[in-house]
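Comments concern the structure below.
When a residue number appears, it is its place in the shown sequence, counting from 1.
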Amino acid sequence: MNLLNKYNILKTYGNQKNRKFGSVFLVEEKATGSRVVIKFINKVTSKELVIQQLRNESKFHFSCPSLPQVLDFVENEEELLLITALKEGISINDYWKKLKGRERIGFLHEFLLEFEEIYKTLRKLNIVHCDIKPSNILIDTVDGKLKIALIDFGLSLKVGEEPKRDLIFPLGFAAPELLLNELDLIDERSDIFAMGILIWRLYTNQLPLTHPNPSIFTNLQLTHPLPEHSSIPKRVFKVLAKMCGKHQFKLPPNKLAAEKRKHLLREGMNLRFNYFHEVIEEFEALKEKGSWWHFTT
């Protein structure tokens, strides 16, 4: 029996024909009329890596309203179905496009304040998200106050509980320690790196150091620093460069001894802010400069 038979599909998210990670639907339960989000995978046609990712996501349930509430997870021989509470809002990328240039620093400061509140929960639980990108951050406003939600914990892990999983990372956003699958090194600084890339992308509408060949793209991420861009105010870029601190490998990392590679990765991580509240302080200082036109694009 198809696990979706209990629901009416109201909306399909993304391009389902090209989805590599199953299907995502906004649905209404026939019996109760309640609306929820369902991630669905056909095990017969999906890769094991995709199945592992959804199983992993099902383990991350929170009481915090800005984080996922897992309502049910069902698996049989042919299918997997993850049901989570609906989170209102639009992606941070779509929200950003509505802002005027002079509003951006203020938004980033307010956004990061809200994000830090979310991360306090993750920090207490020793959880690192590992997939910070625009589509996983939803923005909503309630009575004029910014509300955000962080979703999709399929790549997340607990510090100190290194998972046994195949190499998978969000290309373009992943910190070097994640690119190289050194999962025992992952901590809050790995998500700070990804947030720096996310803000860089908001300003430029593109990812840094891109290449159509994924192998070359990955190599560029490991060997080059975050580039400046004419669309990013210099004072903002200075903060982003520290968020995205990393060792710039001169030799292929796989040619290095394991301990040497980890040592260099740790050195790079030490260049970043340690906690999100330090990033907030930097954006607060920018906000208080007063000359807003210096920060417009």
Task: Stepwise side-chain contact (heavy atoms from CB on, under 4.5 Å) check, F115 with I92 - done: CA-CA 12 Å; F115 192 87; I92 189 173; over 6 Å; no
For residues 137-144, dump all side-chain donor-acceptor pairs below 3.5 Å to protein atoms at least two apart in sequence or in another chain.
none

Open item on the list: side-chain contact (heavy atoms from CB on, under 4.5 Å), that's the test. Do L265 and H247 meet it? Break it down for me.
Closed with: CA-CA 6 Å; L265 286 170; H247 174 79; over 6 Å; no
- [ ] Grab the two heavy atoms, one from L226 and one from P208, that are nearest each other, plus how far apart they are.
- [x] CD1-CG, 3.8 Å
Task: R189 to N274 - nearest heavy-atom pair and separation - done: CD-OD1, 3.6 Å
TODO: Could you tell me whether E114 and K145 make a salt bridge, using a distance below 4.0 angstrom between a side-chain N and a carboxylate O?
DONE: yes
Open item on the list: Any carboxylate oxygen within less than 4.0 angstrom of a Lys/Arg side-chain nitrogen, looking at R272 and E278?
Closed with: no
Task: Neighbour count >12 (heavy atoms, 6.0 Å) for atom CD, Q206 - done: yes
Task: Straight-line distance of Q53 CD to S156 OG, nearest 0.5 Å - done: 9.5 Å
Open item on the list: So which atom in S46 and which in I51 form the shortest heavy-atom distance, rounded to 0.1 Å?
Closed with: O-CD1, 4.2 Å
TODO: For the pair F62 and F60, name the ring-plane relationship: parallel under 30°, tilted 30 to 60°, perpendicular over 60°.
DONE: parallel
TODO: Indicate yes or no: at least one non-hydrogen side-chain atom of F111 is less than 4.5 angstrom from one of M195.
DONE: yes
- [ ] Determine whether Y275 and I186 fall in the same hydrophobic cluster, where Ile, Leu, Val, Met, Phe, Trp and Tyr are linked whenever their side-chain heavy atoms lie under 4.5 Å apart.
- [x] no
Task: Shared hydrophobic cluster, L222 / F193 (ILVMFWY, side-chain heavy atoms < 4.5 Å) - done: yes
Task: Any side-chain donor near an acceptor of the partner, E267 and H263, under 3.5 Å - done: yes
Task: Validation row: F25, Y7 side chains within 4.5 angstrom (heavy atoms) - done: no
Open item on the list: Quick check: do F276 and I118 have side-chain heavy atoms less than 4.5 Å from each other?
Closed with: no
Open item on the list: Can you tell whether the side chains of E284 and K287 come within less than 4.0 Å, N to carboxylate O?
Closed with: no
- [ ] Decide yes or no for I9 and I38: does some side-chain heavy atom of the first lie under 4.5 Å from some side-chain heavy atom of the second?
- [x] no
Task: Side-chain heavy atoms of P176 within contact of M269, under 4.5 Å - done: no
Open item on the list: Tell me whether N270 contacts the main-chain N or O of R266 through its side chain, where contact means a donor paired with an acceptor under 3.5 Å.
Closed with: yes
Task: K87 side-chain N/O to P65 backbone N/O, donor-acceptor pair under 3.5 Å - done: yes
Open item on the list: Between K43 and E75, does any side-chain N to carboxylate O distance fall below 4.0 Å?
Closed with: yes
- [ ] Compare every heavy atom of I192 with every heavy atom of F273, then report the nearest pair and how far apart it is.
- [x] O-CD1, 3.5 Å
- [ ] Could you pull out the closest heavy-atom pair between G154 and N56, with the gap in Å?
- [x] O-ND2, 2.9 Å
Task: P170 side chain reached by L178 side chain, heavy atoms, under 4.5 Å - done: yes
- [ ] Determine whether the side chains of N254 and R261 contain a donor N or O and an acceptor N or O closer than 3.5 Å.
- [x] no
Task: Contact check, side chains of I132 and F173, non-hydrogen atoms, under 4.5 Å - done: no
Open item on the list: Ring-plane angle category for F153 and H129, please: parallel below 30°, perpendicular beyond 60°, tilted otherwise.
Closed with: perpendicular
- [ ] Determine whether more than 12 heavy atoms belonging to other residues, nucleotides or ligands lie under 6.0 Å from atom CZ of R55.
- [x] yes
Open item on the list: Between F283 and V236, is the side-chain contact (heavy atoms from CB on, under 4.5 Å) condition met? List the steps.
Closed with: CA-CA 8 Å; F283 277 99; V236 174; 4.3 Å; yes
Task: salt bridge (charged side-chain N to carboxylate O under 4.0 Å, His left out): pairs with one or both residues in residues 240-254, sequence neighbours excluded - done: none
Task: Check: F73 and E57 side chains under 4.5 Å, non-hydrogen atoms - done: no
Open item on the list: More than 12 heavy atoms of other residues, nucleotides or ligands under 6.0 Å from NZ of K30: yes or no?
Closed with: yes
